[in-house]
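In what follows, a structure is listed as structure tokens, so that the remarks can point back to it.
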There are 2 protein chains.
Amino acid sequence: MTRCQRRRTSVSGAFMLPRLLCLLCFAVISLAEENTEMVNVATERKAEESHRQDSANLLIFIILLTLTILTIWLFKHRRFRFLHETGLAMIYGLFVGIILRFGVHLPQDLNDITLTCAMNSSPTTILVNVSGRFYEYSLKGEVRDSKGHDVPNAEMLRKVTFDPEVFFNILLPPIIFHAGYSLKRRHFFRNLGSILSYAFVGTVTSCFVTGLVMYGCVVFLKVIGQLGGDFFFTDCLFFGAIVSATDPVTVLAIFNELKVDVDLYALLFGESVLNDAVAIVLSSSIVAYQPEGDNRHTFDGSALLKSLGVFLGVFSGSFAMGAATGVMTALVTKFTKLRDFPLLETALFFLMSWSTFLLAEACGFTGVVAVLFCGITQAHYTYNNLSAESKSRSKQLFELLDFLAENFIFSYMGLTLFSFQHHVFNPLFIIGAFLAIFLGRAANIYPLSFLLNLGRKNKIASNFQHVMMFSGLRGAMTFALSIRDTATYARQMMFSTTLLIVFFTVWVCGGGTTPMLSLMHIRVGVDTDQDNSVSSTHKKHCLITKHESAWPFRLWYTFDHNYLKPFLTHSGPPLTSTLPACCGPIARCLTSSQAYENAGQLHDEDTELILNDDSSLMYSDMTVSTDAHGMPTPSTSQAGLCSLARTSDDPLDRELVFGGTRLVLPTDDPSDPLTSFPPPPPSPPLSDPLRHRV
Amino acid sequence: MTRCQRRRTSVSGAFMLPRLLCLLCFAVISLAEENTEMVNVATERKAEESHRQDSANLLIFIILLTLTILTIWLFKHRRFRFLHETGLAMIYGLFVGIILRFGVHLPQDLNDITLTCAMNSSPTTILVNVSGRFYEYSLKGEVRDSKGHDVPNAEMLRKVTFDPEVFFNILLPPIIFHAGYSLKRRHFFRNLGSILSYAFVGTVTSCFVTGLVMYGCVVFLKVIGQLGGDFFFTDCLFFGAIVSATDPVTVLAIFNELKVDVDLYALLFGESVLNDAVAIVLSSSIVAYQPEGDNRHTFDGSALLKSLGVFLGVFSGSFAMGAATGVMTALVTKFTKLRDFPLLETALFFLMSWSTFLLAEACGFTGVVAVLFCGITQAHYTYNNLSAESKSRSKQLFELLDFLAENFIFSYMGLTLFSFQHHVFNPLFIIGAFLAIFLGRAANIYPLSFLLNLGRKNKIASNFQHVMMFSGLRGAMTFALSIRDTATYARQMMFSTTLLIVFFTVWVCGGGTTPMLSLMHIRVGVDTDQDNSVSSTHKKHCLITKHESAWPFRLWYTFDHNYLKPFLTHSGPPLTSTLPACCGPIARCLTSSQAYENAGQLHDEDTELILNDDSSLMYSDMTVSTDAHGMPTPSTSQAGLCSLARTSDDPLDRELVFGGTRLVLPTDDPSDPLTSFPPPPPSPPLSDPLRHRV
């Protein structure tokens with residue numbers, strides 16, 4: 001009797017857990033044959049052995065992570081700061097890699113049979129007819145003919161090697177989502193312009209500078225005969241793209257712990273979160289520039305334009321997709337009373353965020369980028385609709401996923417240094433690469449900072465610039481992008497070099513952050529929550545904010561605050577007061593009763609989250625609607641507003657506050673110590689939208 | 001230039017996310033050939049198309065789950081109780097299955113090429129030499145030669161079909177772990193004997209009864225010529241094993257909501273959690289009994305003994321493994337100060353629990369069973385060591401995973417009814433199966449209840465028995481076990497029948513639970529927290545507990561309370577007071593300072609969790625150690641104790657409380673309203689273990 005192979009064989013690093021691949025094995029009920037029965041039993045044994053081996057391999061990783069966690073605890077407990085947890089994870093990975101490579105000796109499994117057949121293409125599935133019975137085989141990919149038999153334990157090493165797509169499809173999304181979701185830094189929006197400049201202009205500059213330097217290096221290598229294969233200009237650019245993404249993890253954990261200056265923090269955090277997205281799209285645009293079946297790899301104007309088109313298309317598409325899912329989740333959580341069931345709410349939140357990724361991939365956009373913007377949108381809108389329990393649940397869940405994925409990637413990086421079998425270490429190339437990333441980073445930071453400083457009141461000081469220069473660690477994204485394709489000589493050399501760059505930057509730059517900060521005399525231990533009470537800083541902030549934020553941002557903020565937020569969340573002013581009178585019925589429909597309640601307290605949770613620096617509230621009050629009496633009603637509760645009004649010498653400022661601006665709703669918060677106006681009129685009744693428009 | 005296939009082709013239902021399978025594709029750098037370049041670009045396009053398709057397929061499931069969640073919310077919101085969420089998930093799955101089967105028409109992908117080669121076995125990997133370049137293919141399994149071309153959209157349907165191992169390796173572990181982890185029901189331990197009887201003796205009885213009835217049915221079918229293939233006695237037993245596992249999900253959610261009698265709840269919950277483990281091990285033992293290369297499939301004494309050996313070996317091995325990991329986690333969380341960092345703690349907890357599964361699988365035991373006992377151990381010991389935040393984090397995390405996995409399984413079940421292409425619906429077999437599970441369940445419940453009632457003071461009433469009979473839903477485990485192997489005619493028929501059984505029991509029995517309860521006059525709305533204050537019930541409970549729990553349980557409980565719990569957790573009496581004097585230094589080493597603090601309050605959280613019915617505390621105080629003065633010191637803080645002492649007419653009871661029992665540590669909880677003894681002596685100083693032994 002033929003029995004199905006219950007445990008699928010997967011010689012090639014198939015980890016037991018993720019057997020999601022494959023289909024049901026529709027094995028046939030052939031007539032019972034005595035010999036095939038024996039063969040089947042043997043095959044099943046082999047399959048079970050393989051399954052056991054896979055479990056053991058995954059266990060290695062789990063133990064690695066467990067060890068890392070325990071050591072992290074020890075480090076935190078003893079307050080060691082010279083090495084971050086990601087650096088630790090890499091060290092453990094390195095050790096395991098060494099052990100697997102040199103310590104374990106397993107008998108070589110010689111199961112591979114080479115068939116020679118006259119096909120002119122490689123189909124995705126083949127059926128092999130073995131003495132009358134059919135077995136299905138699926139394509140794993142092309143292999144090197146030598147098959148790595150020069151390396152001992154090739155089989156073992158292959159087993160602990162993951163599919164590179166794992167990084168993109170499983171490990172990166174939670175990391176990136178978490179970065180977006182935890183982006184509600186108060187100073188982020190204030191520095192938005194600079195952050196966008198660094199992330200977009202800076203990353204592209206860095207990519208091209210690095211690419212050009214590398215091209216020079218490659219040409220030099222070719223001349224002295226040190227290059228063992230092709231290395232085109234597009235490869236150089238690709239290398240530039242993948243090493244230009246800075247890692248938001250390591251330095252920022254240290255910054256957060258040390259409570260470094262908030263502006264510096266915001267700049268670095270914002271840049272590194274956004275440039276991951278830029279790097280992904282940039283590298284795939286460069287790949288799109290490359291092929292078309294020819295081998296020219298030379299400069300071509302139309303192809304460049306095409307690449308630019310791809311870049312813009314993919315980026316905006318992914319952005320739109322992420323934002324759309326975020327908005328949808330916000331609407332669902334707003335209009336259902338799901339918040340009564342935190343489990344359902346969290347599950348829905350999780351699933352909707354995940355579906356962003358899938359949707360983007362299904363549509364041919366970049367899932368990781370979509371997930372980033374989805375995270376930002378969720379934090380900005382959906383988060384306000386969640387119940388308190390779901391808020392903490394979702395935060396904790398994504399924090400955990402982020403932590404696990406991150407440490408897994410870094411320990412895998414360590415392991416890869418020894419388990420990857422096709423390293424190409426070219427000393428000159430490596431030196432060139434280090435020089436290139438240094439120059440690329442410098443070309444990003446210094447000129448841009450200079451230009452930005454022309455427009456900024458709150459200049460980016462030179463010591464800030466040096467720290468930004470120094471803190472450009474390369475991490476998970478660089479690794480994931482470089483391991484994605486290691487087929488050609490160029491790609492292998494890039495991968496090996498990238499690994500070294502990551503190791504170096506994480507260990508040296510990451511470990512050197514604390515000394516660097518003290519060398520640069522950068523204030524640490526800044527408690528941002530107390531910052532507001534210091535009136536001198538506060539006044540300064542007020543002015544900065546006004547001047548720094550350009551009109552597109554103000555316009556957007558007004559629109560967001562008056563229409564989007566009330567529409568998508570329970571917070572913000574009721575739509576009934578912001579929309580024109582003709583939209584009354586719709587507005588009443590869309591405004592939740594909670595919004596009316598929240599309206600009483602302008603200092604709502606939401607404002608707190610996104611812009612909870614009082615000075616920024618200036619904009620939140622700069623709405624175009626009129627108050628109950630069609631007259632400008634000065635708010636008495638906003639410290640930022642008041643202090644601005646009293647301290648600013650600029651007539652425009654006063655006009656902005658008292659003249660040009662009409663507050664949506666007067667507030668009645670008597671607790672503010674700065675109150676110097678008579679008490680405001682009471683809030684309008686909840687069910688009388690007409691009062692807002694006399 | 002040859003470029004690596006960045007996106008692996010995976011025609012066979014490979015979902016994009018779980019690309020963990022496979023290895024790095026070590027594609028060779030062959031010299032650039034113009035035609036292969038073209039071929040490669042085409043292959044890459046195809047691969048990307050396939051990747052996109054995979055994402056879309058997974059998206060279907062996510063949307064399905066999202067819809068289910070929203071409908072669950074609606075049902076909960078409107079308080080519909082006739083259909084549980086799992087039933088809903090199945091209905092949605094059914095709809096999608098119908099749409100995929102009949103609504104979507106995709107062009108057939110004819111990529112498969114059949115190679116005929118002279119091999120006498122099927123290797124796990126083959127290399128195919130396509131015009132000088134090697135491609136690696138891995139074995140997916142044997143296929144039916146007809147290849148299901150009779151069904152339209154075979155390709156599409158195959159794509160939405162998961163590897164059956166997914167259920168075992170990804171979806172079941174969180175469900176089972178959560179069942180174990182949330183097992184801290186106060187009444188569970190009180191009914192432990194009965195629960196074990198139902199789970200072990202009952203499930204085995206049910207398996208054999210069902211198997212025998214099915215064998216009769218199969219013989220009848222064979223006689224009337226309605227059987228289309230082989231169906232051996234072992235197949236019948238296997239069927240008995242897989243349909244004997246009752247589902248802990250559906251009914252219990254309803255019971256929990258309705259607050260049904262706690263004993264009934266405990267019996268059903270305990271049974272259904274443990275019989276999953278029994279069913280897994282039982283079915284694999286039956287499979288082990290089966291082959292050995294012969295086709296006898298008849299009764300064989302030695303093979304039966306061997307199966308029994310396998311059963312016991314695998315069960316105890318898995319049990320030991322699960323318990324061992326749990327104990328290890330407890331030790332780690334106890335002796336490190338990891339609780340200062342909840343994120344690390346939760347991550348460690350999660351990883352250690354997962355590693356149980358891998359460890360068991362790597363050692364050849366059953367991961368799911370190990371995970372169950374790991375969950376129980378974690379809840380009993382580790383949970384006490386966790387910080388408050390980790391407690392809620394870990395609970396919420398596993399709750400979410402459980403919820404998602406469960407709903408996924410049930411919606412997949414619905415989908416499978418239409419997407420599975422080899423259904424064998426045999427009406428007579430199905431009728432026979434329904435009869436068999438009815439008889440099997442009856443043979444489990446009624447005789448066992450009768451026997452148990454002989455020994456129980458708190459008899460299991462006949463209406464309880466009827467409800468237990470009625471509430472034996474079949475769910476995720478039955479499905480997972482039956483889909484694991486659908487190779488033969490017998491297995492396909494089983495799978496189809498099992499699906500119908502699950503549908504029927506979930507919809508009819510699950511939906512009928514509420515009417516059934518009222519029909520059987522079973523009290524609902526029992527608030528277990530208030531139960532203790534009702535003194536009449538309370539007194540009854542006290543007596544029951546004492547009489548019901550046999551001496552092995554008391555012995556175990558004493559050992560656990562005095563040695564294991566203090567050793568593994570921060571709770572319980574300090575080891576310094578329970579271990580003999582000679583072990584003093586070790587005891588001091590192993591006892592945490594918190595234990596001394598906790599010792600002051602006997603009502604520790606831990607006791608609350610496991611046995612937080614006051615009556616059970618009787619045993620927790622029945623320790624063999626002496627107090628500070630070597631004299632029996634009556635505790636004054638235990639309501640259960642006091643009420644027992646004052647209400648019991650049984651001299652043995654009094655002796656147990658005041659004579660035979662010596663309390664470990666006197667307590668000083670003056671808040672107890674029942675205090676009727678003089679105040680106890682103060683607690684001994686923390687650092688003087690010698691005082692305990694004068």
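Chain letters run A, B, ... following the sequence lines, proteins first and then strands; every chain starts at 1. Note that these values count all heavy atoms, side chains included, but never hydrogens, waters or copies made by symmetry. Being a predicted model, the structure only gives us computed values, none of them experimental.
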How long is the span from the CG atom in B/Asp340 to the CH2 atom in A/Trp73, to the nearest 0.5 Å? 8.5 Å
If you count heavy-atom pairs under 4.5 Å between each of A/Ser392, A/Pro173, A/Pro342, A/Gly364 and chain B, which one has the most? A/Gly364
What pairs with A/Ala362 under side chain to side chain contact (heavy atoms under 4.5 Å, CB included), at least two apart in sequence or on another chain? B/Ser55, B/Ala56
Chain A heavy atoms under 4.5 Å from B/Leu397: which part of the residue, side chain, backbone, both or neither? side chain
About how many Å separate NE2 of B/His77 and OG1 of A/Thr336, when rounded to the nearest 0.5 Å? 9.0 Å
Please flag which part of A/Glu389 lies under 4.5 Å from any non-hydrogen atom of chain B: side chain, backbone, both or neither. side chain
Please report the shortest heavy-atom distance between A/Leu58 and B/Trp354, naming the atom on each side. CD2-CZ2, 3.9 Å
Validation row: A/Phe350, B/Leu404 side chains within 4.5 angstrom (heavy atoms): yes
Restricting to side chain to side chain contact (heavy atoms under 4.5 Å, CB included), what partner residues turn up for A/Leu348, sequence neighbours left out? A/Val332, A/Thr333, A/Leu338, A/Met352, B/Thr66, B/Ile69, B/Leu70
Count the heavy-atom pairs under 4.5 Å between each of B/Ile72, B/Leu74, B/Asn407 and chain A, then report the option with the highest count. B/Ile72
Nearest heavy-atom contact between A/Glu361 and B/Arg52 is O-CG, 3.4 Å
Closest heavy-atom contact between B/Leu358 and A/Ile62? CD1-CG1, 3.6 Å
Ranked by heavy-atom pairs below 4.5 Å to chain A, first place among B/Leu359, B/Thr346, B/Leu59, B/Leu65 goes to B/Leu59
